[in-house]
Amino acid sequence: MADFNRISKKWRKAWEEKGIFKVIEDSKKKKFYCLEMYPYPSEKLHVGHLRNYSIGDALARFKRMNGFNVLYPMGYDAFGLPAENAAIKNKVDPEKWTLDNIKAISEQQKAMGMSYDWDRKIQSCDPDYYKWNQWIFLKFLEKGLAYRKKSSVNWCSSCKTVLANEQVEQGKCWRCKSLVEQKDLEQWYFKITKYADELLKDIDKLENWPERVKTMQRNWIGRSEGVEINFKIKNSDEKISTFTSRADTVYGITYMVIAPEHPLVKKLTKGTKYENDVKKFIEEVKKEEITERIDKTKDKKGMFIGKYFINPFNKEECPIYIADYAVMDYGTGAVMAVPTHDQRDFEFAKKYNLPLKVVITPKDRKLKESEMTEAYIDEGILVNSGEFNGLNNIKAIEKISNFIEKKGFGKRAVNYKIRDWLISRQRYWGTPIPIVYCEKCGIVPIPEKELPVLLPKDVKFSGSGNPLETSESFVKCKCPKCKGKARRETDTMDTFVDSSWYFLRYCSPKFDKAPFDKKAVEYWMNVDQYIGGIEHAILHLLYARFFTKALRDLGLCKIDEPFKRLMTQGMVIKDGAKMSKSLGNVVDPADIIKDYGPDTARLFILFAALPEKELDWNDQGVNGAFKFLNRFYSLVEDNKEKISLNKIDFKQLNSKDKYMLSIMNHLIKDVTENIESFKFSLAISDVMQFVSQVGKYSNENINKEVFGELIKTSILVMSPFIPFICEELWEMIKCKGFVSLAEWPKYDKTMIDEKAEGSEEMLDNVRKDIAYLLNLIKIEKPKKLTFFVSEKWKYKFFKELKKEIEQTRDINVIIKSINPKFKENGKLVSKLVLSIVKTPNKIPRVILNQDTEFKVLEKLKKTFTKELKCDMVIVKAEDSKEAKARNAMPGKPAIVVE
RNA sequence: GCGGGGAUGCCGGAGCGGUCAAACGGGACAGGCUUAGGACCUGUUGGCUUAGUGCUUGCGGGGGUUCGAAUCCCUUUCCCCGCACCA
């Protein structure tokens with residue numbers, strides 16, 4: 001048995017020595033940018049990574065062989081919390097920890113045969129890299145895209161840092177899953193909301209993104225059109241503004257809820273008897289906020305604050321409540337409540353005995369407030385709505401909105417769920433924010449020429465507080481403006497900043513005048529295929545899109561969207577569950593490589609499931625892949641003496657040789673198409689079938705040139721999946737150069753139609769059929785025979801048959817393919833109808849072999865008479881024994897005789 | 001609740017109007033090679049069968065469109081995955 005590990009080491013070395021995967025811009029060649037989401041360098045690679053890279057590498061290799069100039073880089077998302085936690089726990093330097101991991105991981109990637117251009121490696125913790133984070137930050141600051149504000153922020157007490165909205169999942173920290181608290185802090189933000197509209201609109205341009213990712217982004221941006229309505233408060237000069245997308249319901253308002261944090265709450269209750277109770281209520285809500293406020297099933301809680309507002313539409317006075325279901329974050333923090341037509345309002349109104357007022361009613365019945373058990377939220381007709389009565393409610397939204405603007409009650413408004421991106425992190429291992437706080441000058445940016453602001457080494461990792469604050473040399477500094485005493489910003493940037501533009505850096509990784517070389521970016525961008533996990537559907541992919549647009553507006557690049565096509569790979573599971581340490585179902589890629597070699601691991605991963613689907617890890621399956629590799633390898637090795645690379649002499653070929661060449665051309669076609677549509681597992685299954693056929697062929701009396709061609713082709717088409725072994729076999733059959741750089745085979749269309757095996761037998765059957773039919777209708781020599789051939793692949797045989805009949809019987813033969821044609825204009829049918837015979841006296845006859853089908857044919861009569869433009873008589877149902885007797889074939893063509 | 005994706009032979013998983021009893025792999029069974037096999041090769045693998053290019057059942061359940069449905073439509077059940085009191 002072949003030693004696959006020896007083979008892989010040999011070729012890895014050869015590739016490295018020749019540097020065959022390095023690329024440079026080449027305007028003469030078509031480019032292809034293939035990118036995998038760069039990994040966080042944790043201690044070990046897991047199979048998910050392996051899958052990611054196997055997919056990307058197969059594609060990169062395929063494109064390379066197809067003549068593309070392929071940019072296929074790798075780098076590391078090297079900043080981040082785990083390094084810092086390791087520092088606290090094991091007293092190691094986060095940098096060393098990170099760099100050691102990178103070394104180990106890149107070693108594994110090389111061992112797996114990934115064809116990266118390693119010269120373009122990026123590590124986000126390199127000052128050469130994060131310098132440009134700082135540079136971009138300063139540019140954003142200039143443009144007003146970065147700003148500092150005090151606000152209530154998400155705080156993770158376990159990670160001891162604030163989090164962006166995108167990093168809070170169901171009230172929990174995305175990383176450590178502990179509950180997120182709210183804190184009032186002054187922090188740095190990126191103004192992603194400025195691009196909300198464009199980010200939303202351009203989702204439509206992302207044609208090759210998975211639908212669900214696009215949907216998730218749309219939902220996250222959460223654009224909602226509506227109106228902002230101002231309400232006067234009775235006995236006060238204050239106004240409350242509310243946002244609603246349901247202007248059609250304004251006549252049904254019976255109360256209002258405002259968020260407890262709403263600034264007006266204090267004002268309105270000050271000095272009233274409600275003041276104390278309201279304060280108490282707010283305290284209560286804050287306490288439960290974290291856990292319960294996010295639980296939708298919970299009872300809504302609220303409280304009257306002693307004030308009323310006036311509904312400008314009907315001048316009614318309604319009470320104002322504070323309630324925990326109103327969130328300050330969205331809209332104006334106040335909600336006009338229409339309990340009859342909003343379920344949340346309905347529940348609240350029922351609980352606090354607030355009035356209901358129906359303003360929309362279904363067409364077929366009447367709604368009664370007293371009988372309602374839930375809000376009516378479907379379409380209907382407006383009632384109790386003054387001049388708008390009788391309108392359809394959807395149409396009324398538009399009319400009432402106009403009315404609101406005309407009367408000055410409010411204005412149209414658009415709301416987004418997306419918030420500005422909070423990028424400050426109270427952690428050490430990240431890009432320092434290039435800002436200084438001066439006693440005199442306030443917030444002062446570091447001048448560009450002083451970048452990078454380096455991370456200091458003299459910090460203490462105590463496990464509490466931001467380690468950066470322990471570095472005096474870092475914190476204490478001079479103001480760049482006045483040279484006076486100043487304090488340096490100790491927050492670092494969210495690591496998602498690093499990953500928001502790294503794909504641009506790959507285009508010119510060593511460029512030192514700007515984050516990237518505009519020219520290189522113009523050549524390489526955008527990313528033709530991006531591959532990564534679904535978990536980044538919102539976070540990274542949204543940020544990267546935002547960055548691209550912002551950098552474009554800074555004049556740094558010309559593209560609107562960074563990733564042309566996105567493919568999200570499925571999870572790897574084992575024994576029906578996600579791999580996890582606690583379940584003990586983790587597979588270590590290193591073990592697989594050790595036992596089976598890298599090619600087996602790659603082959604299994606790509607074969608076991610389509611890239612986008614879940615992959616069920618199965619040890620027997622791995623072994624199956626291994627078995628195939630051995631079979632493939634020994635097929636070549638055992639028969640290498642029989643291989644000739646000389647040109648095929650087509651005159652010397654027998655039908656078997658021709659048949660083999662035909663399926664080989666088929667193979668090339670299928671594999672090419674399957675790879676292009678990411679159906680790697682199907683491409684591999686095609687090759688498996690082919691290899692087993694070639695195996696059988698090799699035992700026969702073979703044509704050496706043909707055999708050589710078959711073997712060569714199978715090595716070529718397999719090489720994107722199992723590059724090491726293919727390289728070895730390529731050498732074994734004495735082909736020149738690296739198979740990794742060889743040209744992808746092209747298929748010959750004419751060869752695909754080559755006669756399939758067994759065609760003689762089939763022709764024989766058809767001959768019998770014809771004889772039988774002719775006998776049946778008692779004519780020796782019809783003028784014309786028309787064959788309706790149902791299956792495309794049989795078309796070829798009938799061509800031969802045509803020749804034969806025309807010569808031997810002197811009959812004019814016509815062949816028609818019925819499948820595509822009949823489907824279009826009549827949806828006909830070949831399988832059931834075995835034969836149609838049109839007699840000389842112009843009465844068409846139909847012969848069947850089944851009683852059941854006879855019934856069917858009665859129905860078909862119409863279609864047939866139309867198609868054949870003549871009457872139809874069903875002559876007889878041919879019984880199955882008769883069919884058997886004349887050895888009828890299945891899927892036999894319809895035959896028309898004239 | 002909203003949105004996205006699923007349900008196919010013993011298992012993983014293709015197929016997405018006729019070439020489908022359903023690719024490919026795994027498993028199982030039989031045979032060969034072998035002293036023997038867990039290695040390799042060959043064949044079988046829904047049921048019935050007078051063994052036929054035969055009949056019959058069948059791609060979550062029910063209904064429909066069609067000459068014809070695993071594939072299209074409706075409905076229903078179950079599973080996964082996102083978001084979530086967004087006004």
Side-chain angles (χ1 to χ4, degrees), chain A residues 1 169-171 210-216 218-220 222 224 226 242-246 249 257 293-298 300 323-327 329-338 342-345 347-348 415-417 534-535 537-538 570-571 604 607-610 612-625 627-628 630-631 634 679 681-682 684-689 692 695-696 699 761-762 765 790-794 818-819 822-823 826-833 853 855-864 880-881 883-885 887-892:
Chain A
M1 196 185 295
E169 293 168 348
Q170 277 148 48
E211 207 44 54
R212 67 170 166 156
V213 174
K214 294 202 271 187
T215 311
M216 280 162 84
R218 279 193 197 101
N219 290 346
W220 185 262
S224 163
T242 67
F243 174 79
T244 182
S245 59
R246 292 295 305 275
T249 63
V257 287
R293 209 171 168 183
I294 54 162
D295 180 7
K296 201 197 157 188
T297 56
K298 183 198 68 133
K300 295 169 189 6
D324 56 358
Y325 80 95
V327 290
D329 244 21
Y330 185 75
T332 61
V335 186
M336 53 171 243
V338 185
D342 181 289
Q343 187 58 26
R344 290 155 305 167
D345 297 347
E347 285 164 23
F348 191 83
N415 255 301
Y416 295 94
K417 277 200 262 182
I534 185 76
E535 65 274 17
I538 296 175
M571 273 195 312
F604 168 71
F607 177 65
L610 291 177
E612 269 163 320
K613 304 225 170 157
E614 255 180 16
L615 173 100
D616 191 9
W617 189 277
N618 168 297
D619 294 334
Q620 278 166 334
V622 176
N623 197 47
K627 266 159 63 179
F628 170 76
N630 276 303
R631 218 178 311 145
S634 42
K679 296 188 171 166
S681 57
L682 302 188
I684 293 166
S685 107
D686 291 337
V687 186
M688 283 172 164
Q689 280 175 76
S692 93
K696 283 175 196 165
N699 297 325
E761 192 186 336
M762 193 169 279
N765 283 329
S790 60
E791 290 115 324
K792 264 194 220 157
W793 62 276
K794 288 185 190 157
I818 55 168
N819 231 350
F822 274 49
K823 241 195 293 179
K827 291 191 178 175
L828 195 66
V829 187
S830 61
K831 206 176 178 184
L832 293 179
V833 183
E853 287 165 7
K855 276 183 227 155
V856 165
L857 204 73
E858 284 275 24
K859 284 192 189 173
L860 258 181
K861 215 169 153 181
K862 255 190 221 166
T863 325
F864 256 90
S880 55
K881 273 188 187 156
K884 193 173 133 192
N887 203 16
M889 56 176 276
K892 197 178 61 171

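Note on naming: letters A, B, ... go to the chains in the order of the sequence lines (proteins, then strands), and numbering restarts at 1 for each one.
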- Over how many whole Å does the gap from A:Lys417 atom NZ to B:rA87 atom P extend? 7 Å
- What integer number of Å spans the C1' atoms of B:rG58 and B:rC48? 14 Å
- Item | P gap between B:rC81 and B:rC72, integer Å | 25 Å
- Query: In whole Å, what separates the P atom of B:rC24 from that of B:rG15?
  - Reply: 14 Å
- Message: According to side-chain contact (heavy atoms from CB on, under 4.5 Å), who are the partners of A:Gln620, at least two apart in sequence or on a separate chain?
- Response: A:Asn618
- Item | Nucleotide nearest A:Arg344 when distance is taken to its side chain, options B:rC81, B:rC85, B:rG3 | B:rC85
- Expressed in whole Å, how much space separates the P atoms belonging to B:rU75 and B:rU8? 22 Å
- Message: Distance check, P atoms only: B:rA30 and B:rG38, in whole angstrom units.
- Response: 11 Å
- Does a side-chain N or O from A:Lys679 land closer than 4.0 Å to OP1 or OP2 of B:rG15, or not? yes
- Message: Tell me if B:rG52 is syn or anti. Syn = glycosidic torsion within 90° of 0, anti otherwise.
- Response: syn
- Query: Taking for each residue the nucleotide of RNA chain B with the nearest heavy atom, is it A:Ser245 or A:Leu615 whose nucleotide lies nearer the 5' end?
  - Reply: A:Leu615
- Query: Which whole-number value in Å describes the distance from A:Asn630 CG to B:rG38 P?
  - Reply: 17 Å
- Separation of B:rC2 P from A:Gln343 CD (nearest whole Å): 12 Å
- Note on the structure: One should read off an interatomic distance between A:Leu615 CG and A:Lys613 NZ, to the nearest 0.5 angstrom, of 12.5 Å
- Query: Can you tell me how far C1' of B:rG4 sits from CD of A:Glu211, to the nearest Å?
  - Reply: 9 Å
- Kindly indicate whether the side chain of A:Ile684, heavy atoms from C-beta on, has any atom under 4.5 Å from the side chain of A:Phe604. no
- Message: How many whole angstroms separate atom CG of A:Asp324 from atom P of B:rA84?
- Response: 17 Å
- Message: With rounding to the closest Å, how many angstrom separate the C1' atoms on B:rU34 and B:rA39?
- Response: 11 Å
- Expected label for B:rG60 (glycosidic angle, syn inside 90° of 0, else anti) would be anti
- Message: Taking only the P atom of each, what is the distance from B:rG68 to B:rA84 in whole angstrom?
- Response: 48 Å
- Roughly how far, to the nearest 0.5 Å, is CE of A:Met688 from CZ of A:Arg631? 7.5 Å
- Query: Any side-chain N or O of A:Lys613 under 4.0 Å from OP1/OP2 of B:rA14?
  - Reply: yes
- Report, as a single string ordered 5' to 3', how protein heavy atoms within less than 4.0 Å touch nucleotides 22-28 of chain B: B base, S sugar-phosphate only, - not at all. -BBSSS-
- Task: With a 3.5 angstrom cut-off on both distances, give the Watson-Crick or G-U wobble partner of B:rG18, or none if there isn't one.
- Result: B:rC67
- Query: Given that A:Leu610 and A:Met216 both sit by RNA chain B, which one's nearest nucleotide is further toward the 5' end?
  - Reply: A:Leu610
- Separation of B:rC80 P from A:Ile534 CD1 (nearest whole Å): 18 Å
- Does any nucleotide pair with B:rU42 by Watson-Crick or G-U wobble geometry, both distances under 3.5 Å, and what is it? B:rA30
- Message: What contact category does A:Lys696 fall into here, base, sugar-phosphate, or nothing, at under 4.0 angstrom with non-hydrogen atoms?
- Response: sugar-phosphate
- Rounded P spacing from B:rG3 to B:rU57 in Å: 39 Å
- A:Arg218 CZ to B:rA84 P, in whole Å, measures 18 Å
- Task: Verify, without hydrogens or angle tests, whether A:Asn415 (side chain) and A:Ser224 (backbone) share a donor-acceptor contact under 3.5 angstrom.
- Result: no
- Greater than 12 external heavy atoms within 6.0 Å of A:Arg212's CZ: no
- Item | Paired nucleotide for B:rG25 [Watson-Crick or G-U wobble; both distances under 3.5 Å] | B:rC11
- Task: Mind calculating the distance between CH2 (A:Trp220) and P (B:rC83) to the nearest angstrom?
- Result: 8 Å
- Task: Could you check which nucleotide pairs with B:rG52 in any of the strands shown, counting Watson-Crick or G-U wobble with both distances under 3.5 Å?
- Result: none
